[in-house]
Student: 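Pasting a structure here, questions to come.
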2 protein chains.
Amino acid sequence: MATSTGRHDGGAAATTPTAAVPPRDGPRRADARRSIAAILDAALAALGRGPEINMAEIARAAGVGRVTLYGHFPSREALVDAVVAHAIARAAEALDQVDIDTGPAPAALSRLATTSWRILDQHRQLMAAGQRHLGAARMREHHDRVMDRVRKLIGRGQADGDIRTDLPTDWLITAFYALLHAAAEDVNAGRLDPARTGDVLAATITAALRPPA
Amino acid sequence: MATSTGRHDGGAAATTPTAAVPPRDGPRRADARRSIAAILDAALAALGRGPEINMAEIARAAGVGRVTLYGHFPSREALVDAVVAHAIARAAEALDQVDIDTGPAPAALSRLATTSWRILDQHRQLMAAGQRHLGAARMREHHDRVMDRVRKLIGRGQADGDIRTDLPTDWLITAFYALLHAAAEDVNAGRLDPARTGDVLAATITAALRPPA
DNA sequence: CTTAACTCGAACACCGTCGTTCGGGTTAAG
DNA sequence: CTTAACCCGAACGACGGTGTTCGAGTTAAG
């Protein structure tokens, strides 16, 4: 898989049937790089809203022809795969922008929630879509790479006595992401004020993860 | 919509083109009622697992022919609609089995979570599926009917000082359902022990909704 | 300027699903 | 037992999405 090159071959045909794609993975033209970026962005937005993709719609949203799309991504599976990789990079970038290693863990979790609930929710939506179109195996690996930061942060909080230890750690991570996602969903539905969302999330999460009295 | 009757008309045809369905909504035969129940159950299970329905698969899971399915439900939309109504009834029944009006509200919420997280999650899954195949308008009404009980319960707890009032009530309801759903998802993924789920949920929810110190 | 990479619309075959029809077999109800 | 309701498999036309090919135009790169 993953040929994804020019594919023109125009007039003369059928002289060399095998390996008809000249510049395999050499540096693309500026033109092509622009198209790829537009497709990736459009597909990310589309998949972030729901898993009902449609190659034609994605191409239209990217301002690109359907044939061009197939020229770069040989199948829907390849497209989704590339979009996931793209989103992982963005999510990791968002997580890097938050200082996680200093101060009490609950405060760090609050900072994380306050600044990144939006992109992290988009990430989750994409995971659901990717799970349907790709295998759960490939998803799991990527997802865990981002998830591990939160796991370590929670572990640190537990060692410091700032986070409860009477419940499974995996469940605390799940609860963290679930609340993040729920807040994003409520904002999308107009039930929650985006301006308040950060504080609301911080208050709820710290309360849920605080050691019981 | 919702004709859904015998539809046999066999040999002789085209004498009376209009109203060719004899026993409109009279009492069906025992046979038919059995089929309808099987279809409803199979569709509920299928939609509870994911929105990728497939009339043929549902029919097969119900142990019924595809034609029979269409005989009772003229379209996929009609089927989903009926399944939603069926699920609403089940969910309301589950909620009725829990004593909500006595004792402190947090304890009542714990009881609710402990005994009904499974069916309430199935209900939520179905909502997502129904939202795609039906309008969001019809969904909203049904969903709210069940949701209002939790809203009233939370309101009572707030009046008694047992539940926090520093966050929007709608958000507390969302958080309650989000944690319920997350727990069911973790159980399905094998990350959470079903036997512990009730207690884990109760501990998390009471902590998240308790007034801050 | 020349060349090769890139883009594009139109059209095609393929496949899965939907909803329907036909004809005949089965089963509950009187 | 008789009748009408019900069930079923096979097959059909329609629709929408996928991935591909053709032929010609456009655009970056040397």
Side-chain angles (χ1 to χ4, degrees), chain A residues 1-14 17 20-39 42-43 46 50-60 62-80 132-133, chain B residues 1-14 17 20-39 42-43 46 51-80 132-133:
Chain A
M1 67 291 195
T3 46
S4 72
T5 331
R7 201 96 201 72
H8 72 309
D9 82 77
V21 269
R24 192 62 94 142
D25 38 21
R28 320 296 183 85
R29 242 172 53 177
D31 194 341
R33 268 175 289 141
R34 213 182 315 144
S35 288
I36 292 179
I39 291 172
E52 328 110 356
I53 16 170
N54 187 293
M55 300 298 260
E57 250 181 275
I58 292 179
R60 199 172 340 116
V64 114
R66 211 165 63 90
V67 185
T68 302
L69 199 165
Y70 278 105
H72 291 297
F73 304 96
S75 69
R76 180 182 62 226
E77 186 175 331
L79 211 211
V80 174
R132 171 136 53 244
H133 297 290
Chain B
M1 67 295 189
T3 46
S4 71
T5 330
R7 201 93 203 78
H8 73 307
D9 82 78
V21 270
R24 192 63 92 144
D25 36 22
R28 321 295 185 84
R29 240 170 55 177
D31 194 344
R33 268 175 289 142
R34 214 182 314 144
S35 287
I36 292 179
I39 291 172
E52 327 112 352
I53 16 170
N54 185 292
M55 300 298 260
E57 248 181 278
I58 291 178
R60 201 173 339 114
V64 115
R66 212 165 61 91
V67 186
T68 302
L69 199 166
Y70 277 105
H72 291 297
F73 305 96
S75 68
R76 180 181 62 225
E77 186 176 330
L79 211 210
V80 175
R132 168 136 54 245
H133 296 290

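Both backbone and side-chain heavy atoms feed into the values below; hydrogens, waters and symmetry mates do not. A, B, ... follow the sequence lines: proteins, then strands. Residue 1 opens every chain. Worth saying up front: this structure is predicted, and the values here are computed from it rather than measured.
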Student: Find the distance A/Phe73:CZ to D/dT20:C1' and express it as a whole number of Å.
Tutor: 18 Å
Student: So which protein nitrogen or oxygen atoms get under 3.5 Å of nucleotides 26-30 of chain C's nitrogens or oxygens?
Tutor:
from: C/dT27; atom 1: O2; to: B/Arg29; atom 2: NH1; distance (Å): 3.3
from: C/dT27; atom 1: O2; to: B/Arg29; atom 2: NH2; distance (Å): 3.1
from: C/dA28; atom 1: OP1; to: B/Arg34; atom 2: NH2; distance (Å): 3.3

Student: Given side chains that start at C-beta, do those of A/Arg132 and B/Pro51 come closer than 4.5 Å, heavy atoms only?
Tutor: yes
Student: Supply the atom-to-atom distance B/Arg28 CZ to B/Ser35 OG, rounded to the nearest 0.5 angstrom.
Tutor: 11.0 Å
Student: Rounded to whole angstroms, how far apart are CG on A/Leu79 and P on D/dT18?
Tutor: 10 Å
Student: Specify the angle, to 10°, made by the local axes at the two ends of the helix from C/dC1-D/dG30 to C/dG30-D/dC1 when five pairs are taken at each end.
Tutor: 30°
Student: Using a 4.5 Å cut-off on heavy atoms from C-beta on, say whether the side chain of B/Met55 contacts that of B/Tyr70.
Tutor: yes
Student: Atom pairs, N/O to N/O, protein against nucleotides 8-10 of chain C, distance under 3.5 Å?
Tutor:
from: C/dC8; atom 1: OP2; to: A/Gly65; atom 2: N; distance (Å): 2.8
from: C/dC8; atom 1: OP2; to: A/Thr68; atom 2: OG1; distance (Å): 2.8

Student: How would you list, by chain and number, every residue that makes a side chain to side chain contact (heavy atoms under 4.5 Å, CB included) with B/Glu57, sequence neighbours excluded?
Tutor: B/Asn54, B/Arg60
Student: Once you round it to whole Å, what is the distance between C1' of C/dT7 and CD1 of A/Ile39?
Tutor: 11 Å
Student: With sequence neighbours left out, write down each residue that passes salt bridge (charged side-chain N to carboxylate O under 4.0 Å, His left out) with A/Glu77, or none if nothing qualifies.
Tutor: none
Student: Does B/His72 make a side-chain N or O approach to OP1 or OP2 of D/dC7 shorter than 4.0 Å?
Tutor: yes
Student: Could you tell me if the side chain of B/Leu79 sits less than 4.5 Å from the side chain of B/Ile53, heavy atoms only?
Tutor: no
Student: Distance check needed: D/dC7 C1' versus B/Ile36 CD1, whole Å only.
Tutor: 13 Å
Student: Just the rounded figure in Å: distance from P of C/dG19 to NE2 of B/His133.
Tutor: 11 Å
Student: To the nearest Å, how far apart are B/Tyr70 OH and C/dT17 P?
Tutor: 11 Å
Student: Taking the side chain as C-beta and beyond, is there a heavy-atom pair between B/Ile36 and B/Phe73 under 4.5 Å?
Tutor: yes
Student: Roughly, in whole Å, what's the span from CZ in A/Arg76 to P in D/dT20?
Tutor: 13 Å
Student: What closest approach, in Å, do B/Ala42 and B/Ile58 show between heavy atoms, and which atom pair accounts for it?
Tutor: CB-O, 3.9 Å
Student: Under a 4.0 Å heavy-atom cut-off, which of residues 51-60 of chain B touch DNA chain C?
Tutor: B/Asn54, B/Met55
Student: Can you measure from CZ (B/Arg34) to CZ (B/Arg29) and round to the nearest 0.5 angstrom?
Tutor: 9.5 Å
